[in-house]
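Single-structure report; data block below.
Computed over heavy atoms, backbone and side chain alike; hydrogens, waters and symmetry mates excluded. Note that this is a predicted model, so its numbers are computed, not measured. Here is the naming used below: chain letters follow the sequence lines, and residue numbers restart at 1 for every chain.
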Protein chains: 2
Amino acid sequence: MGRTRAFDRDVALERALEEFWRQGYEATSVAGLTAAMGINPPSLYAAYGDKRRLFGEAVRRYQETHGAFAARALAGEPTARAAVGRLLREAAEVYTDPAHPPGCMIISAGVNTTDPGVIGELREHREAGKAAIRRRVERDVETGLLPPETDAGALATFFASVIQGMSTQARDGAAREDLHAVATLAMRAWP
Amino acid sequence: MGRTRAFDRDVALERALEEFWRQGYEATSVAGLTAAMGINPPSLYAAYGDKRRLFGEAVRRYQETHGAFAARALAGEPTARAAVGRLLREAAEVYTDPAHPPGCMIISAGVNTTDPGVIGELREHREAGKAAIRRRVERDVETGLLPPETDAGALATFFASVIQGMSTQARDGAAREDLHAVATLAMRAWP
DNA sequence: TCCTTTCTTTAGTGCCCGCTACAAAATAAC
DNA sequence: GTTATTTTGTAGCGGGCACTAAAGAAAGGA
């Protein structure tokens with residue numbers, strides 16, 4: 001019983017997500033959030049807790065929607081090489097999609113933030129992504145698709161670096177074809 | 001004539017530089033700056049103007065000291081390939097030097113900043129670095145050291161991406177040898 | 001209809017931000 | 001020593017920050 005909520009919780013969360021994506025955690029103010037979400041501060045605090053927890057929900061939602069292409073690419077190709085190639089190509093697409101802010105929220109939203117919880121949460125997501133690449137490469141080494149001397153850790157760090165660089169380039173205004181060229185050149189690193 | 005300044009302007013500027021380097025422009029407060037510099041706010045404003053102009057001086061100083069290795073690498077090797085190889089290796093060294101904050105100030109200090117002047121100033125430095133790589137590659141294409149079909153712009157964007165990714169990795173705590181491995185793999189992109 | 005519960009809006013709270021007025025202290029010129 | 005000039009420390013300015021107390025408005029249950 002009681003008065004029903006006048007706004008759509010998921011729609012408002014998506015608006016908040018895009019504010020955090022565009023400006024990062026610290027540079028995004030509660031006033032800016034409420035303006036983007038179309039609600040007043042007490043509604044935000046009643047529905048999401050506080051700014052920090054709203055950010056946590058936004059990160060989770062990002063992983064499940066805009067960022068989900070990465071896990072799909074790594075799981076949906078017969079070889080590590082094809083999986084990473086798809087991962088890089090799709091990153092070029094997503095990072096330059098004009099329908100939302102450029103680059104990757106997980107990579108950029110915690111930069112220059114004071115809150116150690118925010119920094120750690122995003123860094124763990126980035127490390128998890130790097131570890132996923134590494135495991136995909138190791139799988140192909142174990143099955144003989146890649147030579148046994150392949151350094152899976154180095155390849156994972158390299159491709160993670162390239163993806164993080166592509167995100168920075170996208171935020172600097174790089175065009176989609178520029179990032180596709182980066183992806184193509186990065187694929188030459190395979191043994 | 002008048003009272004002489006009680007602090008060393010250059011030493012205090014270096015302290016401010018490291019604050020901006022570690023935390024970025026917006027997350028660095030004037031209170032934090034004055035504490036790091038060992039002075040009071042009126043001394044900061046008398047000596048440097050305001051926070052924005054102090055940041056501009058810090059960026060200029062960074063380019064002339066910690067960041068000068070890049071121009072030296074591009075100018076001091078006989079081939080573009082050797083120059084970029086040295087650039088990547090030295091970036092791995094500098095970005096993980098425990099004597100100062102990790103990563104590159106030009107790449108990270110403007111992320112998630114509201115001030116468009118700060119954003120634009122740092123982006124122009126990044127674009128200038130990318131253009132310098134491109135010109136170095138073009139020079140070797142013109143002299144016949146690289147095949148005429150070489151895409152200098154794509155190579156420049158690729159290596160700029162790798163360097164920006166290395167900076168992010170360093171800020172995430174990557175070891176020096178990890179970044180050296182990234183540099184080695186990136187060098188496989190050459191035609 | 002009336003009561004209870006929840007969401008809504010208004011209007012703030014205390015705090016830290018970049019920045020500065022002011023007067024005391026210190027130095028150079030004479 | 002005196003004066004003019006600059007730097008210094010103290011103390012505080014207006015403003016935006018994250019967050020909330022209070023009361024009205026809207027819904028369900030009796």
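Ring pair B/Trp190/B/Phe159: centre-to-centre distance below 6.0 Å.
Atom CG of B/Leu33 and atom C1' of C/dC17 are 12 Å apart (whole Å). Rounded to whole angstrom, the span from the CD atom of B/Gln23 across to the P atom of C/dC16 amounts to 16 Å. Taking atom CZ of residue B/Phe7 and atom P of nucleotide C/dA26, one finds them 17 Å apart after rounding to whole Å. Atom CZ of A/Arg5 and atom P of C/dT9 are 13 Å apart (whole Å). Following rounding to the nearest Å, B/Phe55 (CZ) and C/dG18 (C1') show an atom-to-atom distance of 16 Å. Computed from coordinates, the B/Asp115 CG to C/dG18 P distance equals 12 Å when rounded to whole Å. Across the protein-nucleic acid pair, B/Ile39 atom CD1 and C/dC19 atom P stand 13 Å apart, rounded to whole Å. Whole-Å rounding puts the A/Leu44 CG to C/dT10 C1' distance at 17 Å.
The aromatic rings of B/Phe55 and B/Phe20 lie perpendicular to each other, with more than 60° between the two planes, well past the 30° mark.
Proximity of a side-chain donor or acceptor of B/Tyr25 to a complementary backbone N or O of A/Asn112 within less than 3.5 Å is not detected.
Sequence order on DNA chain C of the closest nucleotides to A/Pro41 and B/Ala31 puts A/Pro41 first from the 5' end. Heavy-atom distances to DNA chain C give each of B/Gly2 and B/Arg52 a nearest nucleotide, and the one nearer the 5′ end belongs to B/Arg52.
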Legend entry - Pair assignment for DNA chain C - dot-bracket with | for other-strand partners, Watson-Crick or G-U under 3.5 Å: ||||||||||||||||||||||||||||||

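Between A/Arg81 and A/Leu145 the shortest side-chain heavy-atom distance does not fall below 4.5 Å. Contact annotation: the side chain of B/His66 approaches that of B/His100 to within less than 4.5 Å [non-hydrogen atoms, C-beta and beyond]. Here the side chains of B/Glu26 and A/Glu26 are not in contact, with every heavy-atom distance at 4.5 Å or above.
Using a 4.0 Å cut-off between charged side-chain N and carboxylate O, B/Lys130 and B/Glu127 make a salt bridge. Under a 4.0 Å N-O distance rule, the pair A/Arg134/A/Glu138 qualifies as a salt bridge. The pair B/Arg60-B/Glu64 fails the salt-bridge criterion, with no side-chain N (NZ, NE, NH1 or NH2) lying under 4.0 Å from an Asp/Glu carboxylate O.
Protein chain A contacts DNA chain D over a range whose 5' and 3' limits, counting nucleotides with an atom under 4.0 angstrom from a non-hydrogen atom, are D/dC17 to D/dG28.
Nucleic acid contact class of A/Ala6 (heavy atoms, under 4.0 Å, all strands): sugar-phosphate only. Residue-level contact check: A/Thr28 touches the backbone only, with heavy atoms under 4.0 Å from sugar-phosphate atoms and none from bases.
A sub-4.0 Å separation between OP1 or OP2 of C/dC17 and a side-chain N or O of B/Ser29 is present. Between B/Tyr45 and the phosphate of C/dT20, there is no side-chain N or O to OP1/OP2 separation shorter than 4.0 Å.
With a 6.0 Å radius and a threshold of 12 heavy atoms from other residues, nucleotides or ligands, B/Arg15 has its CZ atom at or below the threshold.
Taking only side-chain atoms of B/Thr4, from C-beta outward, the nucleotide of C/dT9, C/dT27, C/dA25 with the closest atom is C/dT27.
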